[in-house]
Structure formats: C-alpha cells, structure tokens
Amino acid sequence: MPFPFLEGADPFGYVLHHNMDASMGPLGLTKFTLNMMLSSVVLILMVLAAKKSTLMPTGFLRNIFEAIFLFVRDEMVAPSMNAKDAKKFMPFFVTVFLFILTMNLMGMVPLPYIGGAATSQLSLTIPLAVMITLISLIGGIMANGVGGFLKSFVPSGLPAAVVPLIFVLEIISFVIKHGVLAIRLMANMLGGHLVVGSFIALISIFESYGMAAFSVPMILFINLIEVLVSFLQAYVFTLLAIMFIGSSLHPDH
C-alpha cells in the first residue's frame with residue numbers, strides 16, 4: 001500500500017541531509033560548527049556536575065569519569081609512555097577521548113536544524129589529525145632535539161646509499177599515518193549514518209508497509225551498532241594518537 005504523504009519526496013535527500021553541512025547565519029557558523037559547540041557545552045557541564053568533592057568517587061557521573069580516566073591512563077597511555085610523560089599528557093588524551101565520544105553520540109540525537117555527526121566531516125577530523133601531528137612533531141623535537149628526532153626516521157645499520165631514500169619514505173609514512181586518523185574517523189562515523197539513511201530511503205522508494213516493517217527494525221539495530229562504533233572510534237583515535245605521540249617522544253621504544 002503506498003504512502004500518500006510521501007508523494008514527491010526525495011529519498012536520496014533523506015539519506016544525505018543528515019550528513020551534509022549547511023550555513024546557519026551571517027557569522028560563518030554551520031550546523032556542524034554549532035553541533036560541535038553544543039557537544040563541548042554538554043561535556044563541560046557534565047564534567048562540572050561530576051566535579052571532584054571527595055577523595056572517593058561518588059555519584060553516577062563521577063564514577064563514569066573515574067572509570068574512563070583510569071582506563072585511558074592504565075590501558076592506553078601507560079604502555080606507550082613513561083610515567084613522567086604519561087602524567088603530562090593525560091589531561092589532553094582524556095579530553096580528546098571524551099570530546100570525540102560526545103560528538104559521536106550527539107550525532108545520533110535527531111536535533112532540529114543542527115542534527116548530524118560532526119565527526120563525519122573532514123572539516124573537523126582533519127584539524128584533529130593536524131593537532132596530533134603537530135604535537136608529535138613538536139614533542140619529538142623538544143624531547144630528542146632536532147637531530148635526534150630526524151635520526152629516528154633512519155633505522156640504524158642501513159647502507160649510506162639508501163639512507164636518503166629511506167628517510168624520505170619514513171617522512172611520507174609519518175605524514176600518511178597521521179592523515180589516516182582523519183579519514184578513519186570520518187569514514188566510520190559517516191558509514192553508519194548512510195546505512196540508516198538508506199533504510200529510511202527504502203521506505204520512501206517502495207512506499208509500502210512491508211518495507212517499513214523490514215526497515216524500522218534494521219534502523220534500530222544499526223543505531224545500536226552505531227553506539228558501539230561511537231565508543232570504538234573514540235578509543236581507536238585516542239589510542240593511535242597516544243602511540244604516534246609516544247613513538248615521537250621515545251623513538252627507541
């Protein structure tokens with residue numbers, strides 16, 4: 001049975017609009033910029049609500065943040081850095097993890113006008129990757145000196161004739177592996193939303209209750225998978241950032 005209210009609808013628009021950025025005013029703000037700002041405000045308010053007031057973690061939010069902090073410190077940062085550097089970089093890595101996770105989850109909320117996953121756009125993931133690249137570069141130089149940092153791109157024991165080639169290849173590899181941070185996060189967050197949008201579009205295309213009965217459960221299932229992916233991609237991005245920065249600080253390890 002057809003759906004009269006879907007006549008003239010653009011099913012492909014349903015697929016794409018949620019993942020497309022759009023200008024929101026004369027100040028140059030876009031819907032994903034506002035989404036990112038809203039995610040930042042939500043995260044800050046949650047952190048303030050869980051503000052440490054006792055030596056023991058108390059309250060639901062406080063326990064969640066304590067668990068996240070300990071997980072990032074013990075399972076992600078500690079294996080890649082010494083105790084001094086781990087303590088120095090912990091606030092940064094926890095912030096990166098929570099910021100990406102909050103934006104991923106906010107992208108699943110059907111907010112009017114500014115709905116969508118900001119992390120599904122290269123305009124956000126590229127600056128995040130550039131930030132990690134600069135920290136790896138500057139941190140490596142500060143920790144080892146310019147000569148020591150550049151020396152880490154040339155494995156010891158190589159014949160002198162191949163050193164220039166290997167050096168160039170290692171520099172290219174350094175840039176590529178940091179650039180992949182942006183592409184991996186964007187692709188994984190965009191993919192889930194496109195799958196959900198595709199099932200919505202199928203309802204519009206076939207205009208049948210049978211297709212709706214099939215698509216709606218699939219949409220709910222994909223949404224559950226997206227919750228897992230939101231946590232997983234925040235974890236993967238942060239873990240790789242820790243490994244890249246750690247290898248720059250300690251090239252011998």
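What you see is a predicted model, and the numbers here were worked out from it, not measured in a lab. In this chain, residues are counted from 1 in sequence order.
- If you chain together ILVMFWY residues whose side-chain heavy atoms come under 4.5 Å of each other, Val41 ends up grouped with Leu45.
- Cluster partners of Ile44, by chain and number: Leu48. The rule joins Ile, Leu, Val, Met, Phe, Trp and Tyr whenever side-chain heavy atoms lie under 4.5 Å apart.
- Phe69 is linked by a ring-ring contact (aromatic ring centres under 6.0 Å, His included) to nothing, counting only residues two or more places apart in sequence or in another chain.
- The closest side-chain heavy-atom distance from Met103 to Leu124 is below 4.5 Å.
- Listed for the Asn35 side chain is no donor-acceptor partner under 3.5 Å among the backbone atoms of Lys31.
- Other residues sharing the hydrophobic cluster of Val180, ordered by chain and number and joined by side-chain separations under 4.5 Å: Val168, Ile172, Ile176.
- Atoms CG and CZ, from Leu98 and Phe93 in turn, are 13.5 Å apart once rounded to the nearest 0.5 Å.
- Looking at Thr95, its side chain does come within 3.5 Å of a backbone N or O of Pro91 through a donor-acceptor pair.
- Leu228 and Val195 fall into different hydrophobic clusters, where Ile, Leu, Val, Met, Phe, Trp and Tyr side chains are chained together by heavy-atom contacts under 4.5 Å.
- Within a 6.0 Å radius of CE in Met90, more than 12 heavy atoms belonging to other residues, nucleotides or ligands are found.
- The 12-atom threshold is not exceeded at CE of Met142, counting heavy atoms of other residues, nucleotides or ligands nearer than 6.0 Å.
- Linking Ile, Leu, Val, Met, Phe, Trp and Tyr whenever their side-chain heavy atoms come within less than 4.5 Å puts Leu150 and Ile166 in one cluster.
- In this structure, CD1 on Ile100 lies 4.5 Å from CZ on Phe237, to the nearest 0.5 angstrom.
- The environment of Phe221 atom CZ is sparse: at most 12 non-hydrogen atoms of other residues, nucleotides or ligands sit within 6.0 angstrom.
- Between the CD1 atom of Ile245 and the OG1 atom of Thr133 there is a distance of 9.0 Å, given to the nearest 0.5 Å.
- Taken to the nearest 0.5 Å, the CD1 atom of Ile138 stands 10.0 Å off from the CZ atom of Phe149.
- Applying the salt bridge (Lys or Arg N to Asp or Glu O under 4.0 Å) test to every pair with at least one member in residues 166-194, sequence neighbours left out, gives no pairs at all.
- Between Ile132 and Ala241, the shortest heavy-atom contact is CD1-CB, 3.7 Å.
- Across all their heavy atoms, Phe65 and Met46 have their closest contact at CE1-O, 3.6 Å.
- When all heavy atoms of Ser136 and His178 are compared, the closest pair comes out as OG-NE2, 3.1 Å.
- Between Phe174 and Phe153, the angle of the ring planes goes over 60°, which puts this pair in the perpendicular group of the 30/60° scheme.
- For the residue pair Ala129 and Leu181, the shortest heavy atom distance occurs at CB-CB, 4.2 Å.
- Cluster annotation: Val42 and Val47 are assigned to the same hydrophobic cluster (Ile/Leu/Val/Met/Phe/Trp/Tyr, side-chain heavy-atom contacts under 4.5 Å, transitive).
- Minimum heavy-atom separation, Met108 to Ser230: SD-OG, 4.0 Å.
- Using a 4.5 Å heavy-atom threshold, the side chains of Ile242 and Thr238 count as touching.
- There is a path of hydrophobic side-chain contacts, each under 4.5 Å, that joins Val229 to Val109.
- Taking CD of Gln233 as the reference point, atom CD of Glu226 lies at 11.5 Å (rounded to 0.5 Å).
- No continuous path of ILVMFWY side-chain contacts below 4.5 Å connects Ile183 to Val236, so the two sit in separate hydrophobic clusters.
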- Task: Starting from the C-alpha separation in whole Å, work towards a yes-or-no answer on side-chain contact (heavy atoms from CB on, under 4.5 Å) for Glu75 and Tyr235.
- Result: CA-CA 11 Å; Glu75 303 297 331; Tyr235 166 78; over 6 Å; no

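- Considering all non-hydrogen atoms of both residues, Ala86 and Val77 come closest at CB-CG1, 3.5 Å.
- For the pair Ile64 and Ile68, the minimum side-chain heavy-atom distance is below 4.5 Å.
- Leu190 CG to Thr119 OG1: the interatomic distance, rounded to the nearest 0.5 Å, is 9.5 Å.
- Shown here are the salt bridge (charged side-chain N to carboxylate O under 4.0 Å, His left out) partners of Lys88, two or more places apart in sequence or in another chain: Asp85.
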